[in-house]
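Counting convention: from 1, in listed order, for ligands and their atoms alike.
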Amino acid sequence: MAKQNIAAEIARLRAEIARHDHRYYVLDDPVLSDREYDALMRRLLDLEAAHPGLVTADSPTQRVAGKPLPGFAQVRHAAPMLSLDNTYSADDLLEFDARVRKGLGGDGVAYAAELKIDGLAVALVYRDGRLARGATRGDGQTGDDVTANLRTIRSVPLALIDPPPALRDIEVRGEVYLPRPEFGRLNEEREEQGEPPFANPRNAAAGSLKLLDPAAVARRNLALFVYGTGEPPRGIAGHAAALAALRDCGLPVNSEIALCRSIGEVIERCNDWEGRRDGLKYETDGMVIKVDSFAQQRRLGATSHSPRWAIAYKFPARQATTVVRGIEFGVGRTGAVTPVAVLDPVSISGSTVSRATLHNEDDVRRKDIRVGDTVFIEKAGEVIPQVVKVVAEKRPRGARPFAMPAQCPSCGGPLVREQDAAAWRCGNVSCPAQVKRRIGHFAARGAMDIEGLGSAMTEALVDAGLVRDYGDIYALRGEALVRLERVGAKSAQNLLDGIERSKANPFWRMVYALGIRHVGAAAARLLAQQYPDLELLAAARCGDIAQIFGLGEAVGASVEQFFANPANRKVIAKLKQAGVRLRAERAAGVAQTFAGLTVVLTGGLEKYTREQAAELVSQRGGRVSGSVSARTSLVVAGADAGAKLAKAAKLGVRVIGEAEFERLLQQ
Ligand code: IVH
């Protein structure tokens with residue numbers, strides 16, 4: 001392809017991917033399957049790897065770019081990021097309306113009423129339509145420069161879509177949040193790993209956005225809603241119209257906004273949402289009421305703390321009191337045993353609650369929760385609520401302090417608590433509860449996505465002894481299935497079809513489905529890129545994996561441990577025998593110049609960034625490692641190569657320069 005055509009193809013792919021990201025992450029209305037999307041991305045990655053000079057910061061391949069930071073730079077906001085006054089009742093809203101109308105000398109006023117998203121305020125600066133900088137609110141005057149982290153949020157456009165001139169250079173403001181399902185998943189994962197769970201989605205969003213490693217942030221699946229601009233955009237008269245214009249540029253603007261002609265309408269709207277907020281995919285703690293007209297906003301002005309033209313109406317906390325009737329124990333995929341409170345059923349904002357997670361031993365001890373206690377429970381974005389505290393006065397006499405069981409509630413095996421971790425674990429890999437959870441993870445959407453293998457089917461298969469690990473799934477036969485009590489011919493066939501289809505899943509999904517500790521979907525993609533064959537991944541060393549950009553020691557150690565385990569190797573042998581895809585499809589037409597070689601990149605290369613060079617090597621069958629050892633096949637040394645070059649010389653490892661590297665790439 002001529003250079004010009006390649007540039008055009010790259011531009012076309014970027015626009016197409018951005019369009020699909022927008023449909024998926026902003027409009028929630030995808031039109032491509034994961035596989036079709038992956039193919040577009042793959043093609044773009046290949047072209048960019050072959051033509052690194054054409055890589056630009058707004059390419060969708062560059063969302064997670066850059067190294068972990070030592071700390072955040074400080075950013076001074078162009079206009080201060082103010083806060084809002086809170087109100088809690090209809091009377092408060094009536095007072096607000098009276099103040100506003102007095103301030104406007106009796107003019108009519110329209111209000112925009114929107115949801116108050118429970119997250120963390122940020123400001124994003126677009127220059128010439130491209131995302132240039134993003135910062136947290138901080139103290140309102142200065143915040144942290146979290147640009148690299150905000151870029152990883154898939155609903156944040158790296159480039160605005162056809163912005164009109166007035167919106168090309170603009171500061172937008174919004175709330176970064178963690179969608180509820182992600183919040184639940186994150187806390188579950190943290191419990192599995194013995195880390196303290198986040199108390200609410202806001203803390204989780206804040207903790208995530210302030211991680212110093214953008215790759216770790218990307219794994220959190222944060223999202224954004226834009227709710228305003230730093231300064232009113234030129235030529236737009238009011239807030240609702242401005243948001244509509246921002247939405248048209250591809251920015252994620254919440255669609256639940258109403259323009260109200262009176263405060264009565266506002267109050268109605270607030271009451272309405274109070275009853276409905278549980279149905280949302282994100283957590284909201286109230287509504288924000290804003291005078292719509294920018295001219296009126298200007299006339300009303302602001303105090304040093306908050307604008308006089310806006311106010312927050314806070315929903316009451318979703319709390320209730322109830323009695324703990326018992327404490328049960330759930331067993332997770334990696335054997336973590338989690339205490340769960342069984343409660344007298346109680347209604348919290350419309351739904352009945354009868355269980356609450358107690359997270360881990362330390363948490364229960366700290367709150368001193370005992371069977372028989374009356375407790376405050378709260379829903380904070382999770383489907384399963386949490387126990388906030390015990391009502392001490394109501395403790396029945398003789399209530400006994402909490403103790404973890406010594407044995408696994410599922411298999412009866414001994415529980416152990418690892419050093420420095422809060423979780424107790426069952427170490428029996430064949431424990432039925434663990435097996436069910438592992439199968440559940442393996443078959444889940446996002447992993448192998450096996451249709452027909454839901455929790456009831458998993459339960460039936462494991463209980464009948466037909467499936468002891470996920471390798472067994474592929475040995476299932478129709479006759480055995482229909483003999484199961486709870487399974488009909490149709491669901492048996494449905495399952496078999498689903499199993500067959502899953503064999504051709506992209507390789508990274510397989511890596512994710514294995515359920516290796518610390519390996520989520522994003523890490524699995526990185527691993528599959530670097531080790532495009534399960535054999536290669538199985539032979540990888542902790543140190544080499546830890547060097548991969550975006551991964552780290554924890555992932556490295558866990559992967560090495562996983563493949564060192566003979567039980568896991570046996571399961572993988574079953575998968576292999578069944579014909580499940582255990583390697584990536586190779587990029588067509590690229591010579592496997594580095595096949596079987598371990599390559600170390602050091603010093604600065606002129607034509608490529610370290611990540612691009614690594615991608616090129618791995619496409620050509622090579623493995624990139626971060627440290628020189630006796631197992632290194634080749635060192636590519638750029639300018640200012642230092643210690644690694646010296647070590648290579650000492651070990652007698654072959655060293656080549658950029659020119660020779662370039663020649664090998666062209667082969
Ligand atoms: S407008 C001048 N709109 O609530 C302040 N804020 O308690 C303009 N928030 O710092 C803020 N959703 O982080 C606005 N739809 C929304 C919001 C919202 C959440 C947050 C924001 C703000 C805090 C104030």
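- A centroid separation of 6.0 Å or more is found between the aromatic rings of Phe183 and Tyr177.
- Put simply, the side chain of Leu280 reaches to within 4.5 Å of the side chain of Leu115, judged on heavy atoms.
- Of the protein's non-hydrogen atoms, the one nearest atom 20 (C) of ligand 1 is Glu175 OE1, 3.3 Å.
- For Pro307, the closest heavy-atom approach to ligand 1 falls below 4.0 Å.
- Proximity of Leu115 to ligand 1 is established by a heavy-atom distance of less than 4.0 Å.
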Test salt bridge (Lys or Arg N to Asp or Glu O under 4.0 Å) on Asp272 and Arg269 and set out the steps.
CA-CA 5 Å; Asp272 181 37; Arg269 185 97 189 148; 5.0 Å; no

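- If you number the atoms of ligand 1 from 1 as listed, the ones under 4.0 Å from a heavy atom of Leu82 come out as 2 (C), 5 (C).
- From the protein, the heavy atom lying nearest to atom 12 (N) of ligand 1 is Ile117 N, 3.0 Å.
- At a threshold of 4.0 Å, the pair Glu48-Arg14 counts as salt-bridged, since one of the basic side-chain nitrogens sits closer than that to a carboxylate oxygen.
- The shortest N or O to N or O distance between Lys116 and ligand 1 is below 3.5 Å.
- Close contacts between ligand 1 and Ala121 involve ligand atoms 13 (O) [criterion: under 4.0 Å to a heavy atom].
- Every atom of ligand 1 is numbered from 1 in the order shown, and the set under 4.0 Å from a heavy atom of Glu114 is 3 (N), 15 (N), 16 (C).
- One finds a salt bridge joining Arg185 and Glu182 here, because a Lys/Arg side-chain nitrogen approaches an Asp/Glu carboxylate oxygen to under 4.0 Å.
- Residue contacts with ligand 1 include Lys290, since one or more of its heavy atoms lies under 4.0 Å from the ligand.
- A salt bridge does not link Arg99 to Asp85: none of the charged nitrogens lies less than 4.0 Å from a carboxylate oxygen.
- The shortest contact between atom 18 (C) of ligand 1 and any protein heavy atom is with Tyr227 CE2, 3.4 Å.
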Apply salt bridge (Lys or Arg N to Asp or Glu O under 4.0 Å) to the pair Glu378 and Arg318, showing each step before the final yes or no.
CA-CA 6 Å; Glu378 184 174 88; Arg318 286 172 297 195; over 6 Å; no

